[in-house]
Amino acid sequence: MFSNHSSSSITQGNGALESVYLQTVEAYEEYFTHLKPDGILSMNRHYYPRMLTTAAQAWHRLGRSDFHKHVLVFERYAPDTLPTVLIKMTPWTAEEVEEARSYLNREIIGREREQRASFPSPLILRQSPFQSAVICGQNQVDALSLLIGTYGQKALPYPVRVRFSVDGSGQSAEFHLDGQQIHDNQKVIFPLNPPWENVRGRLISVQVSSENTQPDQAFSLWLDSAKQPLVQNIKIGQGTAYKIAFNPVDPAGNLLPAALLAQPFPRELAARADYRLDPVDDNRPFFNMIRKTTRELSPRTSSFLDGGTANILNQQRLPVLSRRLPALSRDVLCFVVVGSMSVLFAALFIFLPLRWTKKGSGIWPAMPWFLVYFSCLGAGFIVIELTLIQLCTKLIGYPTYTYAAVLFALLVSAAFGSFFSRRLLAGHPGRWPWIFLALVAYGGAFLAFCQPLFAHLLQYALPWRWIAATVLIFPLGFFMGMPFPLGIAALDRCYPAGIAWAWGMNGFFTVLGGFLSLVSAFFLGFRMTLLIALGIYCVALLAYAMISKARAGLARA
């Protein structure tokens, strides 16, 4: 699977709140059960640490153990390149890991490029050390060199630390230079004893740091046109190489410790990360919503953070709006702004006309209970509608088709319920509680059985899945269509001028409920959100009981 940013997922337009059903625990269970004993799951996607914690939980549910021995992850030395995650049904061997690394780098090995000084690196200070990497184009290396620029300084008044390491081989070398030995624009040679062997095509990491904090005394490395340091004593490979980000046979150097993939999920350990690492399931499939902080992140200072994840989170940040507020991110800001503006304009266009017109200025018996009743109907209906859209996305797949199917089923069934409500309730006032009880009972049954039903129905073609979704939703919509005309009829007999308030409260809480349903789904999950919506209808039942009691008291008077 190469990413899952398909046309259908993009058209959904939810960004971080997109339901990513291809990256949930249940999805990984499906992937693993379809693989043969020698099969491998290959996936390319950002946020690979969260992919692994989610896959680890699915692995555990299937009764398997030692998940970390079955995972191999490769990254390229570029921030926008998707990592490659390989999950093998049998444990990886050292020979297989090396074979995979050589295969991914097959086009890089053998091609070389010439290095020429192009521009200096950013100033190297204690708070901003230099880190980069080059691809070795030869098999044996006995010395390395760097070209250092001191900006006219004859020497540096502080020591400099230089470290070289070869990815995946355990070979490394560290040097501590006296600043008096460093001169402007002169090459510094670093002999390797013993020489490095079998390094052709491997990534050589370069790290340079100092304790200096004064910019006017800082230095830089000369870089080539590819923004890589001039390591002049070796041949340089072309392009960026794949390095091992998670090694199943040598876990000591992995970004993610094996303990993070253990079960039950180690939440205390994951809490050290500056982004969300908890597994994602079908109840809360918001895989992309991983932000925990709006500050700028760096793999050097954050636990378990890879460069690709840090790059995406930092790109989504916005400039500081004021000195007193932290920097906001695009995903969080859009979510808050859209929700807030929707509620604001709904209040302006609904409550101001009602408050300053003759129709909306009156007061009638049991008015607070009527307002509560119609508010609950607006919030409950929209929360159930939006939650059903999210749930049925797994069944139908295409967002456009899902919206059409759910809206069609709900609106048509609610229209039928509204049409038949007078006939079913006329002359039988004792029947009205059964509407709410039937709605809550069917909603609870739907919630209990929808996931296994959807899993079974996924095997059928799209038209059949669409029909199945309509049939499952229709009874719920039928009962949801009855309470509103029931309340309008009661208000019409009590105080007809109050019907404007009924529509206004219903409309406002439809907008507010739509916004809060997203908040609830993210923090509590779809199941709890649907239960809250059913609870809102229970509050509406209580409100209607109080309305009926007040009307009965007026009739006796």
Side-chain angles (χ1 to χ4, degrees), residues 77 112-224 226-237 240-241 243-244 250 252-255 298-301 307:
Y77 206 82
E112 300 167 1
R113 62 181 175 84
E114 182 180 356
Q115 283 194 302
R116 294 181 179 178
S118 297
F119 46 82
S121 70
L123 293 178
I124 300 175
L125 300 164
R126 182 174 65 182
Q127 63 270 27
S128 56
F130 177 84
Q131 285 188 318
S132 185
V134 296
I135 304 166
C136 186
Q138 60 197 57
N139 196 49
Q140 178 178 312
V141 177
D142 55 12
L144 298 168
S145 67
L146 295 174
L147 186 60
I148 298 178
T150 65
Y151 298 93
Q153 301 176 79
K154 295 182 179 180
L156 298 178
Y158 50 82
V160 174
R161 176 179 172 270
V162 178
R163 187 177 189 276
F164 302 97
S165 59
V166 182
D167 176 62
S169 73
Q171 300 177 97
S172 63
E174 186 169 315
F175 302 88
H176 295 267
L177 304 178
D178 185 346
Q180 299 299 318
Q181 303 173 355
I182 300 175
H183 306 288
D184 195 24
N185 298 333
Q186 290 190 13
K187 182 168 62 175
V188 180
I189 300 176
F190 303 92
L192 301 175
N193 188 20
W196 288 347
E197 304 285 348
N198 301 317
V199 291
R200 181 177 175 83
R202 290 188 179 274
L203 204 65
I204 297 181
S205 297
V206 182
Q207 300 176 358
V208 182
S209 61
S210 74
E211 293 299 315
N212 173 48
T213 59
Q214 304 300 320
D216 58 341
Q217 296 180 347
F219 67 99
S220 295
L221 297 185
W222 280 99
L223 308 180
D224 63 12
K227 297 184 180 180
Q228 293 180 322
L230 297 182
V231 186
Q232 296 175 324
N233 282 34
I234 63 172
K235 297 178 180 178
I236 303 299
T240 54
K243 67 175 183 177
I244 301 176
D250 185 18
N254 290 342
L255 174 71
S298 170
R300 297 194 301 270
T301 57

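Counting from 1, the numbers follow the sequence of the chain as shown.
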Quiz prompt | Step-by-step side chain to side chain contact (heavy atoms under 4.5 Å, CB included) determination, Phe219 to Tyr158 | solution = CA-CA 11 Å; Phe219 67 99; Tyr158 50 82; 3.3 Å; yes

Quiz prompt | Residues Ser220, Tyr151; criterion side chain to side chain contact (heavy atoms under 4.5 Å, CB included); working and verdict | solution = CA-CA 8 Å; Ser220 295; Tyr151 298 93; 2.7 Å; yes

Quiz item: Given the rule in the side chain to side chain contact (heavy atoms under 4.5 Å, CB included) test, do Arg202 and Asp167 qualify, once you have shown the distances and angles that lead to the verdict?
Solution: CA-CA 6 Å; Arg202 290 188 179 274; Asp167 176 62; 5.6 Å; no

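Atom-to-atom distance recorded for Ser210:OG and Leu177:CG is 11.0 Å, nearest 0.5 angstrom. Leu255 CG to Ile244 CD1: the interatomic distance, rounded to the nearest 0.5 Å, is 14.0 Å. Considering OG of Ser165 and CD of Glu174, their distance stands at 10.0 Å, rounded to 0.5 Å. In this structure, CG on Leu156 lies 9.5 Å from NE2 on His183, to the nearest 0.5 angstrom. Note that CZ of Arg126 is 9.0 Å distant from CG of Asn212, once rounded to the nearest 0.5 Å.
Counting only distance, with no hydrogens or angles, the side chain of Gln131 and the backbone of Ser205 share no donor-acceptor pair below 3.5 Å. Looking only at distances, a side-chain donor or acceptor of Gln115 sits under 3.5 Å from a matching main-chain atom of Pro229. Within the 3.5 Å criterion, the main-chain N or O of Ser209 finds no donor-acceptor partner in the side chain of Arg161. Within the 3.5 Å criterion, the main-chain N or O of Arg163 finds no donor-acceptor partner in the side chain of Gln207.
In this structure, Asp224 and Leu230 have side chains that are in contact, with non-hydrogen atoms separated by less than 4.5 Å. In this structure, Leu221 and Ile148 have side chains that are in contact, with non-hydrogen atoms separated by less than 4.5 Å. Within the 4.5 Å cutoff, the side chain of Val141 has no heavy atoms near those of the Phe164 side chain. Looking at heavy atoms from C-beta onward, Ile234 lies in side-chain contact with Ile204 at the 4.5 angstrom threshold. For the pair Leu146 and Val231, the minimum side-chain heavy-atom distance is below 4.5 Å.
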Residues 185-197, side-chain donor-acceptor partners within the protein, below 3.5 Å, at least two apart:
from: Asn185; atom 1: OD1; to: Trp222; atom 2: NE1; distance (Å): 2.9

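Gln180 approaches Pro157 most closely through the heavy-atom pair NE2-CA, 4.5 Å. Minimum interatomic distance between Ala133 and Leu203 (heavy atoms only, all atoms of both residues): CB-CG, 3.7 Å.
The side-chain hydrogen bond (donor to acceptor under 3.5 Å, both in side chains) check on Gln214 picks up nothing, with sequence neighbours excluded.
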